[in-house]
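Have a look at the structure below before the remarks.
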Amino acid sequence: MNAIVALCHFCELHGPRTLFCTEVLHAPLPQGAGSGDGAGRGEPADEEEGGIQMSSRIRAHSPAEGASAESSSPGPKKSDMCEGCRSLAAGHPGYISHDKETSIKYVSHQHPNHPQLFSIVRQACVRSLSCEVCPGREGPIFFGDEQHGFVFSHTFFIKDSLARGFQRWYSIIAIMMDRIYLINSWPFLLGKVFEAEQFGCPQRAQRMNTAFTPFLHQRNGNAARSLTSLTNDDSLWACLHTSFAWLLKACGSRLTEKLLEGAPTEDTLVQMEQLAELEEESESWDNSEAEEEEKGPALSEGAEVRELTKCPAESSLLSDCGAWQPRKLSVFKSLRHMRQVLGAPSFRTLAWHVLMGNQVIWKSRDSDLVHSAFEVLRTMLPVGCVRVIPYSSQYEEAYRCNFLGLSPNVQIPPHVLASEFAVVVEVHTATRSSLPAVGCEGEQPLSKYEFVVTSGSPVAADRVGPTILNKMEAALTNQNLSVDVVDQCLVCLKEEWMNKVKVLFKFTKVDSRPKEDTQKLLSILGASEEDNVKLLKFWMTGLSKTYKSHLMSTVRSPTALEPRN
């Protein structure tokens with residue numbers, strides 16, 4: 001926690017004074033402070049409590065070496081201090097604790113070394129012991145402003161037979177600039193500060209054990225008594241440093257910022273559903289295997305055949321929910337890389353078919369190349385719209401997959417080659433040693449290939465195409481955008497159009513609005529063009545079952561059946 005905790009005292013001779021303060025240092029120690037290690041100097045070993053390493057082997061923070069206390073220290077001069085105003089003796093190095101977990105240092109001394117911090121602590125000290133007083137004068141109070149910081153102050157008295165009124169007035173203050181954080185820490189600080197006060201000043205229960213003289217006795221030379229004398233504890237300041245350092249660490253750890261996300265996206269819902277289906281199918285396989293084992297060895301051969309036949313086709317259908325994991329070798333690095341390799345016209349044709357839901361067929365001897373191509377192309381679609389068979393020895397129908405990888409010797413049916421709903425990318429070995437430079441890092445593995453993109457319905461160069469494709473190409477061609485930024489742009493575009501898909505699904509499938517109203521809705525959504533309509537209808541197949549069920553259950557509820565105005 002970026003705060004300062006301090007112990008303050010109201011001196012009868014000099015007014016409010018800061019006795020001891022602990023601050024958090026995230027940067028190297030201030031000028032005048034040592035490294036804190038002191039290794040090999042014959043000093044005692046460090047003490048460790050709660051993960052904090054404690055040491056008092058640093059040089060004094062203030063004043064700096066070679067300067068006098070009066071000239072360099074932001075604190076009061078010696079002539080303005082009495083025994084009751086002073087905590088650490090002159091030349092005392094102060095205390096420092098090293099938090100090994102966070103590499104944060106907690107430094108304690110009588111006054112902050114930085115003049116601005118000294119001013120802030122000084123003002124908080126004066127206010128906590130003079131003008132900001134709670135009812136009964138003992139207890140917690142909160143005050144502050146944006147300029148001088150916000151303060152949590154806990155005031156209390158210690159009985160002293162030599163003091164005016166037979167008691168001395170102290171306060172423990174916590175200062176920080178974050179008002180909300182400090183207010184939220186109020187219950188924690190209230191309990192812990194009270195415990196620290198009781199621990200540091202146990203003589204509250206010990207009343208006046210010595211005889212006292214009349215009211216003005218405090219004016220003699222023994223009136224100003226130090227806190228260590230009042231508590232009869234020579235190690236008070238070391239213990240107080242440990243307590244303050246722990247307080248700062250614990251209070252900073254108890255409240256953490258968390259990123260609260262909204263409802264899960266459609267991609268997340270679909271992935272969860274696919275994972276659940278995969279687990280159910282895995283359990284059914286395990287159960288069937290257990291049953292066959294119980295039937296005896298007569299079925300073992302059949303079980304082995306079933307095990308061999310179930311894997312290729314069925315596992316390919318489950319590729320999207322984790323059954324298929326792409327290989328480590330990634331030939332195509334990104335959509336921008338693929339566009340540079342294929343060329344802008346061929347890439348636009350390929351991307352158009354991908355977004356429309358047409359079957360994309362890659363023929364190549366290099367299965368790694370096909371894997372990387374599908375891994376890149378699938379990022380253009382919602383998860384629910386992707387069905388991949390990464391590499392097959394035979395042609396698979398479009399209803400089974402929209403991404404199909406084939407070896408070069410596999411024959412594609414003529415009606416598929418002539419169809420407007422399919423695009424074929426054939427990968428051939430280059431006839432020359434290398435392709436023209438594509439200006440992208442990582443193109444060397446592709447220098448031995450040539451790519452031929454064909455379709456029964458080639459995309460005309462002057463065709464407007466879906467809006468998302470045009471925006472995507474604008475991002476890919478903008479060299480000022482990095483690959484990571486382009487990826488995030490694509491995520492935003494997909495979310496935007498999935499929201500339009502949800503509206504259209506509710507409007508047409510759930511509410512069953514007429515075509516005239518649907519056309520008006522598409523115009524409002526900015527998707528009245530033919531390609532945009534086709535894209536929305538295809539993407540509608542990628543909606544999660546959870547979302548569809550939710551809409552249907554809402555429609556069937558009594559409130560949903562009320563007539564529209």
Side-chain angles (χ1 to χ4, degrees), residues 1-9 17-30 32-34 36 46-62 73-75 86-89 92-114 116-125 128 149-154 156 170-178 181-182 185 188-190 192-197 199-201 227-228 231 233 235-254:
M1 182 174 69
N2 292 327
I4 296 179
V5 179
L7 174 66
C8 305
H9 166 52
R17 285 289 186 265
T18 303
L19 287 180
F20 193 78
C21 68
T22 302
E23 57 182 311
V24 180
L25 294 183
H26 298 271
L29 290 177
D46 297 339
E47 300 177 8
E48 290 188 24
E49 291 187 9
I52 296 180
Q53 184 180 27
M54 178 177 167
S55 174
S56 61
R57 302 174 312 198
I58 61 172
R59 294 173 291 176
H61 294 278
S62 174
S73 174
R86 183 181 297 110
S87 58
L88 303 179
H92 192 285
Y95 300 92
I96 181 169
S97 295
H98 302 269
D99 187 348
K100 295 180 178 179
E101 297 177 357
T102 59
S103 299
I104 292 176
K105 298 179 178 65
Y106 301 90
V107 178
S108 294
H109 34 119
Q110 181 156 358
H111 305 101
N113 189 48
H114 195 283
Q116 185 177 2
L117 291 180
F118 171 81
S119 176
I120 291 175
V121 174
R122 170 64 179 168
Q123 185 181 48
C125 170
S128 71
F150 298 93
V151 182
F152 170 86
S153 173
H154 191 285
F156 58 95
Y170 292 87
S171 68
I172 297 178
I173 59 176
I175 312 167
M176 66 184 310
M177 302 305 295
D178 192 333
Y181 196 104
L182 187 57
S185 302
F188 175 82
L189 291 173
L190 182 60
K192 296 304 177 181
V193 168
F194 179 77
E195 292 175 8
E197 172 223 330
F199 172 78
C201 310
L227 190 57
T228 54
T231 59
D233 185 0
S235 62
L236 171 67
W237 303 117
C239 294
L240 202 59
H241 164 77
T242 303
S243 299
F244 283 179
W246 180 89
L247 186 69
L248 290 169
K249 176 180 172 63
C251 191
S253 301
R254 62 180 295 272

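Taken to the nearest 0.5 Å, the CD1 atom of I4 stands 7.0 Å off from the CD1 atom of I120. Here the CG atom belonging to L7 is positioned 14.5 Å from the CZ atom belonging to R17, to the nearest 0.5 angstrom. Distance OG/S87 to NE2/H92: 9.0 Å, rounded to 0.5 Å. How far CD of Q110 is from CG of L19: 6.0 Å, rounded to the nearest 0.5 Å.
By the side-chain contact (heavy atoms from CB on, under 4.5 Å) test, S235 is found to be paired with D233, C239, residues two or more places apart in sequence or in another chain being considered.
Residues Y95 and T22 are not in side-chain contact: their nearest non-hydrogen atoms beyond the backbone lie 4.5 Å or more apart. Counting heavy atoms from C-beta outward, L189 and L182 have side chains that approach closer than 4.5 Å. Between I175 and F150, every side-chain heavy-atom pair lies at or beyond the 4.5 Å cut-off.
Across all non-hydrogen atoms, the minimal contact from C125 to I173 is N-CD1, 4.1 Å. Across all their heavy atoms, G94 and L88 have their closest contact at CA-CD1, 3.9 Å. The minimum heavy-atom distance between Y181 and C251, with the atom names listed, is OH-O, 3.0 Å. Between N2 and V24, the shortest heavy-atom contact is OD1-CG1, 4.5 Å.
Remark: the H109 side chain and the E23 side chain contain an N/O donor-acceptor pair separated by less than 3.5 Å. A donor-acceptor pair shorter than 3.5 Å can be found between the side chains of S97 and H241.
At least one donor-acceptor pair under 3.5 Å links the side chain of T242 to the backbone N or O of A238. Although no hydrogens or angles enter the test, the distance criterion places a donor-acceptor pair under 3.5 Å between the side chain of H114 and the main chain of Q116.
In this structure, F118 and H111 have perpendicular ring planes: the angle between them is above 60°, well past the 30° mark.
Centroid-to-centroid, the aromatic rings of F20 and W237 come within less than 6.0 Å.
Salt bridge annotation for D99-K249: present, with a cationic side-chain nitrogen under 4.0 angstrom from a carboxylate oxygen.
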